[in-house]
**Student:** 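There's a structure below that I have some questions on.
For the numbers below, each heavy atom of this structure counts, side chains included, while hydrogens, waters and symmetry mates do not.
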Amino acid sequence: MSHYIILDLEWNQNPHRRSGDDEILPFEIIEIGAVRLNDRLEIESEFDRLIRPCVYRKMHKKIYEVTHISMEELDRKGIRFRDAITQFLDWCGDDPVFCTWGSMDLTELQRNMVYHGIELPFDLPFLYYDLQKIYSLIKGERTKDSLDTAVAELHIDTVRPFHHALDDAWYTACVMQRMNFFSRSKYVSVDYYRLPEPKSEFVLHFPEYDKFVTHPYETREEALADRKLTQVVCCQCQRALRKKIRWFSSNQRFYYCLAVCPEHGYVKGKIRIKKAEDGGVFAVKTTKITDQSGIDLVISKKEDVRRKRSERAKRLKLHSLDENAAQSANQSHRSSSRRKIMDR
DNA sequence: CGTCTCTAAGGCACCCGGAG
DNA sequence: CTCCGGGTGCCTTAGAGACG
């Protein structure tokens, strides 16, 4: 039976300006807190360790304001990161399913492990539940709520303080218990700290879309030149599809296309370019079978962007004409032409 | 303060077609 | 032909709000 590890970290950072350390380890973990739940989301045990930091030996002011953890306390109660992570992984048991609030914790955990020369025991792809994302899926909104907000909205008693690793993990567990987690449990997240090797790219299947994650490339151009990224496969029959609209970009990070499957209809594609750890890039492609409204959405996306721009350009032109007129005319002329703009 | 993400908006260069 | 402005694409900047 699977069990869930609700993880929360506290970390410190360089209290001064950027230095060489920042690029190696921007965030140094100072506390690991976690709650273990069984497959019915009942609490089985809790884990909490303070860590004596070795990179940043001064507490960042803002971090102290948030966590109220002092360096003195860490020196007194903290243990070595190596010992804490060993105890933590041991406490997690076999095949834990990790859950966090937000997408940063598992990345930072791994970055700290690598810094300390500890081998990563996690699967590749490293799947986990981002409960902040699941919470917004259940609400049907695109907002990213803070943990405090979710706790308040679900009327969870605030019997513990916030912003301590174990307490926040415990609140996260409470939110998970009360938000009908299993209705969205197919929506796993992927941690992108470790990326697949070439030829080991992977696809994740979701109820209404597929997600494809590439290996790292040197440049965006190199990524977009790779057929494995740009080809679109039907989510239903895995057939390679012909495109009706080639890949185009509405901004600098997203690309869209529209393909058609002879059996299952239209499939829209979306590519998102992301930065990899080593300075290169990788891409996440999602493909989704779509109905007429989805088709129209893609078809008109270019035109929407175009129309928005041209409307804005017209507004600006009128506005500049207005200002020019204002320089040579009196106040009444100015207000009348302003009214004209408002009517548009 | 520093990370991340998303959005809006500004600057710039290029292409293209109409006016001269 | 040149000139000019609109449309377009690409890049940068800034703000908001999540995380610590």
**Student:** If you look at every strand shown and take non-hydrogen atoms under 4.0 Å, does Ile30(A) touch a base, only sugar-phosphate, or nothing?
**Tutor:**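 It contacts nothing in the nucleic acid.
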**Student:** What do you reckon, are the aromatic ring centroids of Tyr193(A) and Phe126(A) less than 6.0 Å apart?
**Tutor:**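 When the ring centroids of Tyr193(A) and Phe126(A) are compared, they turn out to be at least 6.0 Å apart.
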**Student:** Please name the pair of heavy atoms, one in Thr290(A) and one in Lys268(A), separated by the smallest distance, quoted to 0.1 Å.
**Tutor:**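 Of all heavy-atom pairs spanning Thr290(A) and Lys268(A), the closest is CG2-N, 4.2 Å.
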**Student:** Quick one: is Arg272(A) getting a side-chain N or O under 4.0 Å of the dC6(B) phosphate, OP1 or OP2?
**Tutor:**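 Yes, within the criterion.
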**Student:** Would you mind reading off the distance between Arg142(A) atom CZ and dT5(B) atom C1', rounded to a whole angstrom?
**Tutor:**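 Roughly 12 Å, once rounded to whole Å.
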**Student:** Across the strands shown, which category fits Gln132(A) at heavy-atom distances under 4.0 angstrom: base, sugar-phosphate, nothing?
**Tutor:**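 Answer is sugar-phosphate: Gln132(A) comes under 4.0 Å of backbone atoms only.
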**Student:** Between dT5(B) and Lys274(A), is there an OP1 or OP2 to side-chain N/O distance shorter than 4.0 Å?
**Tutor:**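 For dT5(B), OP1 or OP2 has a side-chain N or O of Lys274(A) closer than 4.0 Å.
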**Student:** How long is the line joining CG of Leu25(A) and P of dG2(B), in whole Å?
**Tutor:**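 That distance rounds to 16 Å.
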**Student:** Between atom NE2 in His60(A) and atom P in dT3(B), what is the gap in whole Å?
**Tutor:**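 Computing the His60(A):NE2 to dT3(B):P distance gives 11 Å.
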**Student:** Nearest to the side chain of Arg220(A), which nucleotide is it out of dG20(C), dC11(C), dT3(B)?
**Tutor:**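 The answer is dC11(C).
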**Student:** Taking any heavy-atom pair under 4.0 Å as a contact, classify Thr67(A): base, sugar-phosphate, or nothing.
**Tutor:**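 If one applies the 4.0 Å heavy-atom cut-off, Thr67(A) turns out to touch the sugar-phosphate alone, with no base involved.
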**Student:** Would you say the ring centers of Phe181(A) and Tyr129(A) fall short of 6.0 Å from each other?
**Tutor:**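 When the ring centroids of Phe181(A) and Tyr129(A) are compared, they turn out to be within the sub-6.0 Å range.
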**Student:** For Asp8(A) and dA18(C), what is the distance between atoms CG and C1' respectively, to the nearest whole Å?
**Tutor:**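 From Asp8(A) CG to dA18(C) C1': 13 Å.
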**Student:** In whole Å, I'd like the distance from the CH2 atom of Trp101(A) to the P atom of dA18(C).
**Tutor:**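 About 11 Å, once rounded to whole Å.
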**Student:** Rounding to an integer number of Å, can you tell me how far Ile29(A) CD1 sits from dC19(C) C1'?
**Tutor:**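 That distance rounds to 13 Å.
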**Student:** Would you indicate which nucleotide in dC6(B), dC19(C), dG20(C) comes nearest to any side-chain atom of Met104(A)?
**Tutor:**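 Looking only at side-chain atoms, Met104(A) lies closest to dC19(C).
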**Student:** At 4.0 Å (heavy atoms only), tell me whether Asp168(A) reaches a base, stays on the sugar-phosphate, or touches nothing.
**Tutor:**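 Asp168(A): backbone/sugar contact only, no base atoms under 4.0 Å.
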**Student:** Ring centroid separation for Phe162(A) and His164(A), is it under 6.0 angstrom?
**Tutor:**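 No.
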**Student:** Answer yes or no: side-chain N or O of Gln13(A) and base N or O of dG20(C) forming a donor-acceptor pair under 3.5 Å.
**Tutor:**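 Counting by modelled atom types and ignoring angles, a donor-acceptor contact under 3.5 Å is found here.
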**Student:** Given atom CH2 of Trp11(A) and atom P of dC1(B), what is their separation to the nearest angstrom?
**Tutor:**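 Atom-to-atom, Trp11(A) to dC1(B), this comes out as 19 Å.
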**Student:** For Lys62(A), report the nucleic acid contact type (base, sugar-phosphate, nothing); a contact means any heavy atom under 4.0 Å.
**Tutor:**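 Base contact.
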**Student:** Please give, in whole Å, the distance from dC19(C) P to Glu108(A) CD?
**Tutor:**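 It works out to 15 Å between those atoms.
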**Student:** Is a side-chain N or O of Asn12(A) found less than 3.5 angstrom from the main chain of Val55(A), in a donor-acceptor match?
**Tutor:**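 Checked: no pair found.
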